[in-house]
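Note that the numbering runs from 1 along the sequence shown for the chain. Not measured: the values here are computed from a predicted model.
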Amino acid sequence: MKRTIFVFLLVVSMVFALTSCSGTTPSTGDDVDQTQGSGIPEGLKINVGHSVNTSHGYHLGLLKFKEIVEEKTEGKVTVEVHPSSSLGSEREMIEGIQLGTIDMAIAATSQLTSFEPKMQLFDLPFLFKGREHAFAVLDGEIGRDMLGLLEDKGMVGLSYFEVGFRNFTNNIEPIKTPADIAGKKFRLMETPVHVQAIAYWKGNPTSMPIGEVYTALQTKTIDGQENPISIIEAQRLFEVQKYISISEHFYTGAPLLIQKKMWDSYSPEFQAILQEAANAGRDVCRQSNMKSEDEAVAKFEAAGCEINYADKEAFAADSQAIYDMFADEIGQDLIDRVLESAKNF
């Protein structure tokens, strides 16, 4: 009888051990129970960060992302959106995703160039003919290929939200041609193409986080900066700038990123939900930015800013040398693919 009881307890212990070893480990610190049969993680909370305030398209797009994820999973998965760099700067959030301390974040392609140099492709001046061209490239084969380069860096890019077309502002004079850049100290994102472009146009480039720009302009630490209209409005930079020059010299996309380990741990069913939500959020972000631009320009004028439209042809004609500087790092084949696609727009 003792031997029978011993064998029975031994079998029970082995079954328990095997069951424990085969369980799924959650991708975050939250207690997560993979729901049997559904492929949806039960009780998962996903934290996603971005760098601007709650009026920007980033935030509105992420609210749509949250809505769809929570609806499609019937509340089994929740999403918490963290605006205004509350999880860190974009670079810090990218590093957090790599380290596994941050689940998801939106980060501009320009911020990703330190992690994947070929991302500098999207920083080249006057690369896109307009938004329609940019969206076709980013949402098509070229954009998917570029996101694929991030996977061995510990990240998966789901879709391209946008920062948008970038424009110059300053407190000295309107920017009409590259000659007007000369001698002025401009804040830029810390990305080589942008820095080299401003230097090539004989300006003085300075990199700093977006959260520091308002004060730097106010104290005249810098003469100006460059950003899309949506950021100029969201960060209220028009309050401390006299001249706003619509130049659209760079276009900046912003992938929605997720930890690769998290992504790989999810079922195809749940991955499909996240992808659907990311695409919907992308569309809301883009539509919001485009809708707000005309209204924002009127707001800038009402605030006393002087608006002018730069000579984009003059800037574009003076940009080939910048392409040549980065052709080896990016790959001339990639550049040519985008330039070839421009013939359809």
- Please identify each residue that fulfils side chain to side chain contact (heavy atoms under 4.5 Å, CB included) with V338, with sequence neighbours left out.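 For V338, the residues satisfying side chain to side chain contact (heavy atoms under 4.5 Å, CB included) (neighbours in sequence not counted) are L121, L127, F128, H133, V137, I142, S341.
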- Task: Report the residues that fulfil side chain to side chain contact (heavy atoms under 4.5 Å, CB included) with K176, sequence neighbours left out, ordered by chain and then residue number.
- Result: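 Result, side chain to side chain contact (heavy atoms under 4.5 Å, CB included) vs K176: P174, D180, N308.
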Does one side chain, of [X] or [Y], offer a donor that lies under 3.5 Å from an acceptor on the other?
{"X": "N279", "Y": "Q275", "result": "yes"}
{"X": "S245", "Y": "S247", "result": "no"}
{"X": "Q225", "Y": "T169", "result": "yes"}
{"X": "Q120", "Y": "T113", "result": "no"}
{"X": "S110", "Y": "D123", "result": "yes"}
{"X": "S84", "Y": "N53", "result": "no"}

- Task: Mind running side chain to side chain donor-acceptor pair (under 3.5 Å) on E70 and T78 for me, showing each step along the way?
- Result: CA-CA 6 Å; E70 294 182 353; T78 57; 4.9 Å; no
Heavy-atom pair of closest approach, residues [X] and [Y]:
{"X": "A108", "Y": "T252", "result": "CB-CG2, 3.6 Å"}
{"X": "N167", "Y": "I246", "result": "OD1-CA, 3.4 Å"}
{"X": "I97", "Y": "Q259", "result": "O-CG, 3.4 Å"}
{"X": "I330", "Y": "K118", "result": "O-NZ, 3.1 Å"}
{"X": "G183", "Y": "N204", "result": "O-ND2, 3.5 Å"}
{"X": "S207", "Y": "V195", "result": "OG-CG2, 4.1 Å"}

Look at the side-chain heavy atoms of Ile, Leu, Val, Met, Phe, Trp and Tyr, link any pair under 4.5 Å apart, and say whether [X] and [Y] land in one connected group.
{"X": "V163", "Y": "L150", "result": "no"}
{"X": "F126", "Y": "F345", "result": "no"}
{"X": "Y323", "Y": "Y251", "result": "yes"}
{"X": "F122", "Y": "M189", "result": "no"}
{"X": "I102", "Y": "V81", "result": "no"}

- Item | Trace of the salt bridge (charged side-chain N to carboxylate O under 4.0 Å, His left out) decision for E212 with R187 | CA-CA 10 Å; E212 299 175 12; R187 178 269 177 185; over 6 Å; no
- Is the count of non-hydrogen atoms from other residues, nucleotides or ligands lying under 6.0 Å from K64 atom NZ greater than 12?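 At most 12 heavy atoms, drawn from other residues, nucleotides or ligands, come within 6.0 Å of this atom.
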- Count the heavy atoms belonging to other residues, nucleotides or ligands that lie under 6.0 Å from CG of D328, then report whether that count exceeds 12.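 At most 12 heavy atoms, drawn from other residues, nucleotides or ligands, come within 6.0 Å of this atom.
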- Note on the structure: For residues 139-149, the side chain to side chain donor-acceptor pair (under 3.5 Å) pairs (sequence neighbours left out) are D139-R286, D145-R337
My understanding is that only residues two or more places apart in sequence, or in another chain, count here; which of them pass ring pair (Phe, Tyr, Trp, His ring centres under 6.0 Å) with [X]?
{"X": "F300", "result": "F238"}
{"X": "F135", "result": "none"}
{"X": "Y243", "result": "none"}
{"X": "Y200", "result": "none"}

Do the charged groups of [X] and [Y] touch, with an N to O distance under 4.0 Å?
{"X": "E80", "Y": "K66", "result": "no"}
{"X": "K72", "Y": "E67", "result": "no"}
{"X": "R91", "Y": "E190", "result": "no"}

- Just grab all the salt bridge (charged side-chain N to carboxylate O under 4.0 Å, His left out) pairs involving residues 239-254, residues at least two apart or on different chains. R236-E239, E248-K312
I'd like to check the side chain to side chain donor-acceptor pair (under 3.5 Å) partners of [X]; sequence neighbours left out, ordered by chain and number.
{"X": "E313", "value": "none"}
{"X": "Q287", "value": "none"}
{"X": "E233", "value": "K299"}
{"X": "E92", "value": "S89"}

- Item | I258 vs M155 side-chain heavy atoms within contact, under 4.5 Å |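 The answer is no; the side chains never approach within 4.5 Å.
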- Does any non-hydrogen side-chain atom of Q271 lie less than 4.5 Å from one of W263? yes
- Could you please spell out the steps behind the side-chain contact (heavy atoms from CB on, under 4.5 Å) verdict for I175 and W201? CA-CA 12 Å; I175 303 298; W201 292 325; over 6 Å; no
- Item | Audit row: E306, I244, side-chain contact (heavy atoms from CB on, under 4.5 Å) steps and yes/no | CA-CA 6 Å; E306 182 178 317; I244 298 179; over 6 Å; no
- Query: Do E162 and R131 pass the salt bridge (charged side-chain N to carboxylate O under 4.0 Å, His left out) test, and can you show the C-alpha distance, the side-chain angles, and the key distance before you say yes or no?
  - Reply: CA-CA 10 Å; E162 72 155 22; R131 267 194 169 94; 2.9 Å; yes
- Step-by-step side-chain contact (heavy atoms from CB on, under 4.5 Å) determination, M104 to L256: CA-CA 7 Å; M104 298 183 68; L256 176 59; 3.7 Å; yes
- Task: Kindly say whether the aromatic ring centers of H59 and H50 come within a distance under 6.0 Å.
- Result: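 Yes, they do, as the ring centres are separated by less than 6.0 Å.
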- Message: Measuring centre to centre across the rings, with the benzene-like ring taken for any Trp, is F186 within less than 6.0 Å of F168?
- Response: yes
- Task: Look at the aromatic rings of H194 and F250 and report parallel, tilted or perpendicular, splitting at 30° and 60°.
- Result: parallel
- Message: Quick one, L63 with V284, criterion side-chain contact (heavy atoms from CB on, under 4.5 Å). Give me CA distance, side-chain angles, the key distance, then yes/no.
- Response: CA-CA 9 Å; L63 292 181; V284 167; over 6 Å; no
- Message: Donor-acceptor pair, distance only, cut-off 3.5 Å: does the side chain of D324 make one with the backbone of A327?
- Response: no
